[in-house]
Amino acid sequence: MEMEAKAPRMDAEHQQPEMESDIDRMAEEEEEGHGTPDQRPNDDGDTNNPDGPPLDRRIHILGTGAIGKLVAHALRGIPNPPPITLMFHRYRLLEAWEQSKKVITISSDGYEEQRSGYDVELMPEVRRQHGVTVDRHEQDVYDFAEQEGLKPDQAAEVLRQRQQAEQAEIGEAEANTTAGPVVKRISKLRRPEGGRPGKGDYAYSSAPISHLIISTKAGLTVPALQAVAHRLNAQSTICFLQNGMGILDAVNKHVFPHAPTRPNYIQGILTHGVNIPASIADRDPFYAIHAGHGTLALGLLSRPDTPGSDPSGTWTPSSRHLLRTLTRTPILAATGLPPPELHAQQLEKLAVNSIINPLTTLLDTRNGALLHNFPLTRVLRLLLAETSLVLRSLPELRAHPNTATRFSAARLETLVVSVAYKTSENISSMLNDVRVGSKTEIEFINGYIVRRGEEVGVKCVVNYAIMQAVIAKAAIAQRETNDEVPVLGSLAGQT
Ligand SMILES: CC(C)(CO)C(=O)C(=O)O
């Protein structure tokens, strides 16, 4: 498909949407005549930034799986909605969007609702070569090695050192800047000709991102953020909406190692059940079923450069805006929580996911099938005995009142059974990943329990075994998918 070159970002606010819901129209009417869409004041009292430039209201959503679609759809449904940019990681998805009605459809309780008015962007392509991250305009490690007469690993080392020097320069420049401005990464490692224009180039952007919601799979978070890290800074806020734990440690280590220039983080815990039926995904990649209504708990994490501070006292305008916007979205049923309570709830969800996700995956069954099956109850109890011991031994929970009861094996079992019951018709996200040949989040779920167990001296052999079984199952499924030979027409030879 040929696409003509356009402005860097397709701004849906300036397009006539082809299909609008009443609420979209209402919101647009409400917005009329109040400045540019990216800067209009909210109707929640969150007006402009008194000390700095006007507040940027745009929310970028990275990860357009089931959760990303639900959140994008919910945000466009509120009065005076913020401008939303969907960030596609593959050109094929951008192409599909261009050829579609440019709507997200959510089906809930048998009713389908389409919402429009989204802007879209294509994620820059980044490659990892000999441990160095290279974006699409940067010089290839192998080209550089050839040019300099070095071995690829030596060339990678030189490039790594240059990248570190650049990052340090940016860090210093940002530290010397007063609130607001973004120091863009103007890489010295760019190819001299700046790269050839390619398919979908018009949809790339290097504009700063004030608010980012990331809903990719846990294991893809680091590479996804590496691709946009240069557009985020200490005034930006990232909201993480993923299953599993340990993701932020990986992000800090690999993407934002320099604490003072790191963006602000909001952690979300989502209990909504959303899925994309395989039969529809091929036909409409912008469709999802909201199968179970849950809640979204949100908490702003304190910055390590202001240790011990109450994060609510140090909120940046972007954190406040993102939190307020998410909490005025009725469908998401979002509430703000203080960080210690948020952490405890995250651990409870981890315990639930550590049972439902691997067992449904290994048995290839819906969540409800785990109920009323005594042999499975035995497996569940073995797993929870270990998990409960680890959670009750965690140093960060020691000061919590009620840790022993809250994280007892019996209480965790009650939680697992109640979630399996409430989401009995759901296909767990892990089973879905295995079915479509994607990597699972097992290392951030049971793997996190095993790692924390090692820290506190508890050997989690049952969790370890179940994790290995899921990895094996995913590998078998992937091999089967790769071995599939597409057959056109009938086996009798007619096409
Ligand atoms: C709660 C549960 C198990 C619902 O399916 C889930 O979070 C998941 O599938 O990842």
Side-chain angles (χ1 to χ4, degrees), residues 1-20 24 37-38 58-73 75-76 81-106 114-127 133-138 194-209 211-217 220-221 223-232 238 241 274 276 278 280-288 436-439:
M1 194 192 70
E2 275 301 307
M3 292 210 198
E4 51 182 277
K6 292 182 192 162
R9 192 183 62 214
M10 291 175 295
D11 199 338
E13 296 282 320
H14 302 298
Q15 291 172 358
Q16 197 50 40
E18 285 161 22
M19 190 170 297
E20 292 178 313
D24 281 346
D38 281 18
R58 181 168 294 276
I59 297 178
H60 285 74
I61 300 182
L62 207 172
T64 41
I67 301 293
K69 285 195 257 282
L70 177 73
V71 172
H73 188 268
L75 286 172
R76 281 304 294 174
I84 305 282
T85 299
L86 307 174
M87 305 184 85
F88 296 143
H89 63 293
R90 272 181 285 128
Y91 175 71
R92 210 156 53 80
L93 217 48
L94 175 72
E95 201 174 37
W97 178 262
E98 286 291 314
Q99 289 168 355
S100 72
K101 288 190 281 183
K102 298 191 174 78
V103 296
I104 291 181
T105 308
I106 296 290
Q114 301 188 324
R115 292 204 174 126
S116 59
Y118 301 97
D119 303 314
V120 295
E121 272 181 22
L122 197 53
M123 293 271 296
E125 175 208 326
V126 290
R127 290 152 291 157
T133 305
V134 183
D135 86 21
R136 77 198 166 95
H137 284 311
E138 275 176 352
R196 259 176 268 125
K199 272 181 167 183
D201 259 7
Y202 66 91
Y204 289 115
S205 169
S206 57
I209 296 176
H211 316 96
L212 178 69
I213 296 176
I214 179 154
S215 58
T216 55
K217 290 280 160 204
L220 296 177
T221 309
L225 281 178
Q226 273 167 336
V228 294
H230 59 290
R231 298 174 60 188
L232 293 152
I238 308 178
L241 295 185
V274 205
I276 306 171
I280 300 182
D282 280 346
R283 196 166 22 94
D284 182 359
F286 310 105
Y287 185 102
V436 299
S438 302
K439 201 170 178 314

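The structure presented is a predicted model; accordingly, all values stated were derived computationally and were not measured.
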Exercise for the section: Apply side-chain contact (heavy atoms from CB on, under 4.5 Å) to Y287 and I106, showing your working. Expected result: CA-CA 6 Å; Y287 185 102; I106 296 290; over 6 Å; no

Exercise for the section: List the steps and the verdict of side-chain contact (heavy atoms from CB on, under 4.5 Å) for I209 and M87. Expected result: CA-CA 12 Å; I209 296 176; M87 305 184 85; 4.0 Å; yes

Practice task
Apply side-chain contact (heavy atoms from CB on, under 4.5 Å) to the pair K102 and S116, showing each step before the final yes or no.
Solution key: CA-CA 6 Å; K102 298 191 174 78; S116 59; over 6 Å; no

Exercise for the section: Applying side-chain contact (heavy atoms from CB on, under 4.5 Å), run through T64 and I104 and close with a yes or a no. Expected result: CA-CA 10 Å; T64 41; I104 291 181; over 6 Å; no

Handout entry: Worked check of side-chain hydrogen bond (donor to acceptor under 3.5 Å, both in side chains) between R58 and T85
Key = CA-CA 7 Å; R58 181 168 294 276; T85 299; 2.7 Å; yes

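Using modelled atom types, no side-chain atom of R115 and backbone atom of R76 make a donor-acceptor pair closer than 3.5 Å. Between the side chain of R90 and the backbone N or O of M123 there is no donor-acceptor pair closer than 3.5 Å. S215 places a side-chain N or O within 3.5 Å of a backbone atom of G63 that can act as its donor or acceptor partner. With K69 contributing its side chain and F286 its backbone, the two residues share no donor-acceptor pair below 3.5 Å. At distances below 3.5 Å, not a single donor-acceptor pair connects side-chain atoms of Y91 with backbone N or O atoms of L122.
Between the CD atom of Q226 and the CG atom of L220 there is a distance of 11.5 Å, given to the nearest 0.5 Å. Atom CG in D284 sits 8.0 Å away from atom CD in Q114 (nearest 0.5 Å). In this structure, the separation between CG on L70 and CD1 on I276 is 10.5 Å, given to the nearest 0.5 Å. For the atom pair I61 CD1 and T216 OG1, the distance stands at 12.5 Å (nearest 0.5 Å). Residue L62 holds its CG atom at 11.0 Å from CZ of F88, rounded to the nearest 0.5 Å.
The side chain to side chain contact (heavy atoms under 4.5 Å, CB included) test with I214 singles out one residue from V228, I238, L241, and that residue is I238.
Listed here is the closest heavy atom pair of L75 and P82: O-CD, 3.9 Å.
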